Amino acid sequence: MVRALVLAFAAFVAGITVGTQYGVHTSALVDGARRRFLGPAFATCADIWQRYPLSPVYQVEDLELGKHPIPGLQHVTLHGFRQHGMRGFEVLQQTLAPGVATPVHEHNCQEVFLVLSGQATAAIRGKDGKVVESQIRTNSTFNILPNARHQLVNTGREDLTFIAIIDNLPLRPTFFKSFDDTSAGQTISPMLWDQQCPSAVPDSLRNFVTAPAASDASTEL
């Protein structure tokens, strides 16, 4: 009996750990335990899946800008862990003004980029310690491996706008003064734009329309 209880508790803790590491949504019980044991960074502002009967549809311009101290950088969390209750990944949109750069940083998550407009230099430090620079532009896409130090610099004359998708939520970046910085860096957790809830969640229902009856819908591909 005691052994069974120990194994059950171990499985429960493992579920919390694995769910946290990989962003897996298991159950309300596990989610609640995760927040209790791991702190307020794991608390969400809202759960869009409970508020709406269907997948919510937002206009980007209706979403609040994320707060941070970097001039010339605009951040919008399109679908976020803290803001909306996303479990497995987040989708972010950022815009850099000409000449503006992100801080040199790294994080324990995968990150995929898609450039919507503009051009820039993406600098990424490999496992061998060498920093490789790539020129990116509209429709460029690339990924950042976990704990790879990187930076984006807008080298163009127009704004750089891109989409970033990350896993292993919530985002916990560590910032450095340079690629050669040998210090432990400064880790911010939760991230600045995740430290407070949005003042309001946009009304998604106004974007819903009633689909035509099945008999009226076209079946042609």
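Start at 1 with the first residue, then count along the sequence. As the structure is a prediction and not an experimental result, all values here were calculated from the model.
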If you define the side chain from C-beta out and look only at heavy atoms, does anything of [X] sit under 4.5 Å from [Y]?
X    : Y    : result
V76  : L65  : yes
M191 : P173 : yes
N108 : N147 : yes
D159 : P98  : yes
S134 : I124 : no

Check: Within a reach of under 6.0 Å around CD of Q195, are more than 12 heavy atoms found that belong to other residues, nucleotides or ligands?
Finding: yes

Determine, using the 4.5 Å side-chain heavy-atom cutoff (strictly less than), whether [X] and [Y] are members of one ILVMFWY cluster.
X    : Y    : value
I144 : I165 : no
L171 : V104 : no
F162 : L63  : no
F89  : Y58  : yes
L152 : I70  : yes

Item checked: Criterion side-chain contact (heavy atoms from CB on, under 4.5 Å) on N143 and Q110, from CA distance to verdict -> CA-CA 7 Å; N143 67 81; Q110 300 177 93; over 6 Å; no

What distance separates [X] [atom1] from [Y] [atom2], expressed to the nearest 0.5 Å?
X    : Y    : atom1 : atom2 : answer
D194 : R172 : CG    : CZ    : 11.0 Å
H75  : K67  : NE2   : NZ    : 13.0 Å
N168 : F81  : CG    : CZ    : 10.5 Å
F176 : R125 : CZ    : CZ    : 7.0 Å
Q196 : E64  : CD    : CD    : 8.5 Å
D167 : H107 : CG    : NE2   : 10.0 Å

Side chains of [X] and [Y], donor plus acceptor under 3.5 Å:
X    : Y    : answer
D180 : S178 : no
Q135 : T121 : yes
T161 : T95  : yes

Would you find a donor on one side and an acceptor on the other, under 3.5 Å apart, between the side chain of [X] and the backbone of [Y]?
X    : Y    : result
R149 : F179 : yes
E90  : I166 : no
N154 : L96  : yes
H84  : M86  : no

Item checked: Test applied, side chain to side chain contact (heavy atoms under 4.5 Å, CB included); reference residue, Q93; option that passes from T77, L116, L114 -> L116

Notebook entry, point to check: Where does the angle between the aromatic ring planes of H150 and F113 fall among parallel (under 30°), tilted (30 to 60°) and perpendicular (over 60°)?
Noted result: perpendicular

Which atoms form the tightest heavy-atom contact between [X] and [Y], and what is the distance?
X    : Y    : result
A120 : L160 : CB-CD2, 3.5 Å
A101 : Q151 : CB-NE2, 3.9 Å
P69  : L192 : CD-CD1, 3.3 Å

Checklist line | Test side-chain contact (heavy atoms from CB on, under 4.5 Å) applied to C45 and Q83, step by step | finding: CA-CA 5 Å; C45 302; Q83 293 81 357; 5.6 Å; no

